[in-house]
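Right, one structure below, let's go through it.
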Protein chains: 2
Amino acid sequence: MADISTRKVNPLFLREEELRQGIELLFYAYRDFTAVADQMLEQYNFGRAHHRVIYFVSRNPGITVSDLLSILKITKQSLSRVLGQLVREGFIEQRTGLQDRRQRLLTLTEKGEALERELTEKQRALIAAAYREAGAESVEGFRKVMLGMLGEEDRKRFGDDGPTGLRQRAG
Amino acid sequence: MADISTRKVNPLFLREEELRQGIELLFYAYRDFTAVADQMLEQYNFGRAHHRVIYFVSRNPGITVSDLLSILKITKQSLSRVLGQLVREGFIEQRTGLQDRRQRLLTLTEKGEALERELTEKQRALIAAAYREAGAESVEGFRKVMLGMLGEEDRKRFGDDGPTGLRQRAG
DNA sequence: TTAATATGTCAATAAAACTGACTTAACGGA
DNA sequence: TCCGTTAAGTCAGTTTTATTGACATATTAA
């Protein structure tokens, strides 16, 4: 890594190194972050997509299919396969929207809630440990940097417009 | 979301919310982070795996196949397909190890370097913008939190033992 | 009434990964 | 020198995950 002399001579190298470390931190953290849930998902014959669906439905009870699609940014068909499984196996419940009866509002069943807790537990523990170790001030910095990487649309989700920034629907 | 009264009454809810926001920040940031390179990869008929291989070979010139496998944590067969393509199309060069002639040391060709720069450019810009916006102090916090999420093994890569913490081999 | 929307489904692919067994070449210690 | 181990590569078959594009149904809203 850059020592002090390098720092004086070539400040651009440091910057480049700093950015590349950022790239790698993101890669390693995400790889491990998903890995801790993957083990458990296997036991249910589910994949990461199932986890994501369960997670975001848990976070946004009564979310519509199209809102879920806009979060996950996958195709309708891909969601359909995963969602269909989860509904058939009793993890997710669909109810017809009250204002708009074309919508299918998604919520977790008790069974789904239980699986969600189980799946996310290890991930939460991983983040909790990192937060604790780093301290409150670092956590604030972490949040700032991460938010800075998001597009306008996603940044909104972290405002005060509900957990994931979707207008909640009654159901 | 937690309002002030909730905050007083139920501090655990806030903590839970904080952790979930961490999970989501990671999800959204990583999703967008990979997306900016995906567009470009398509033009070469490459996938994310190709990018990762190119990236880590660029970062660790002369890396061995097995060290690359231990970073990517994919199977030999998966790497083989991707690596084979990159070699055949002239992005990566293999040279026999000098000390250990069983090894195939990997380096990028000029063409490979060019592709790497092109691919990583947008990702670097994304991180650079976030860093700039957040400020140096926040960046330090970001690094601390991210490092805290890594396992012992990966944390070493961010020490002073070469870019990715692998002992470099001559070639 | 009619265009647009929300959802779901069909069929056919594509790609990206996996497993497990096996080969070849080279290393390194006994 | 012999032999077990390691590094790399390959074969065959399979699974997972996602894709595209077309189409059907019910519902909404102008």
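Naming convention: chains lettered A, B, ... in sequence-line order (proteins, then strands); numbering from 1 in each chain.
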Is there a side-chain contact between [X] and the phosphate of [N], meaning an N or O under 4.0 Å from OP1 or OP2?
| X | N | value |
| --- | --- | --- |
| A/Ser80 | C/dG8 | no |
| A/Thr75 | D/dT19 | yes |
| B/Ser78 | C/dC18 | yes |

What's A/Ser66 touching, base or sugar-phosphate or nothing? Going by heavy atoms closer than 4.0 Å. sugar-phosphate
Considering every strand and a 4.0 Å limit on heavy-atom distances, what is the contact class for A/Gln94: base, sugar-phosphate, or nothing? sugar-phosphate
Here's a test of your reading of the structure: between A/Gly47 and B/Leu106, which maps to the more 5' nucleotide of DNA chain D? B/Leu106
Which residue, A/Arg81 or A/Arg101, contacts DNA chain D at a nucleotide closer to its 5' end, judged by nearest heavy atom? A/Arg81
Closest non-hydrogen atom pair, B/Arg157 against B/Ser70: NH2-O, 3.9 Å
Is there a donor-acceptor contact under 3.5 Å linking the side chains of A/Tyr44 and A/Glu118? yes
Does either side chain, that of A/Tyr28 or that of B/Arg155, offer a donor lying less than 3.5 Å from an acceptor on the other one? no
Can you measure [X] atom [atom1] to [N] atom [atom2] for me and round it to whole angstrom units?
| X | N | atom1 | atom2 | result |
| --- | --- | --- | --- | --- |
| A/Arg48 | D/dT15 | CZ | P | 20 Å |
| B/Leu41 | C/dA15 | CG | C1' | 13 Å |
| A/Leu105 | C/dG8 | CG | C1' | 15 Å |
| A/Leu83 | C/dT7 | CG | P | 10 Å |
| B/Arg52 | C/dA17 | CZ | C1' | 11 Å |
| B/Lys76 | C/dA17 | NZ | P | 17 Å |
| B/Arg102 | C/dA26 | CZ | P | 10 Å |
| B/Phe46 | C/dA16 | CZ | P | 11 Å |

Salt-bridge test for A/Glu16 and B/Arg124: reply yes if a basic N is under 4.0 Å from a carboxylate O, no otherwise. yes
Residue among B/Lys122, B/Glu116, B/Gln123 satisfying side chain to side chain donor-acceptor pair (under 3.5 Å) with B/Thr120: B/Glu116
Between C/dC18, D/dT19, D/dT27, spot the one nearest the side chain of B/Ile74, thanks. C/dC18
Got a donor-acceptor pair under 3.5 Å from the side chain of A/Arg104 to the base of C/dT7? no
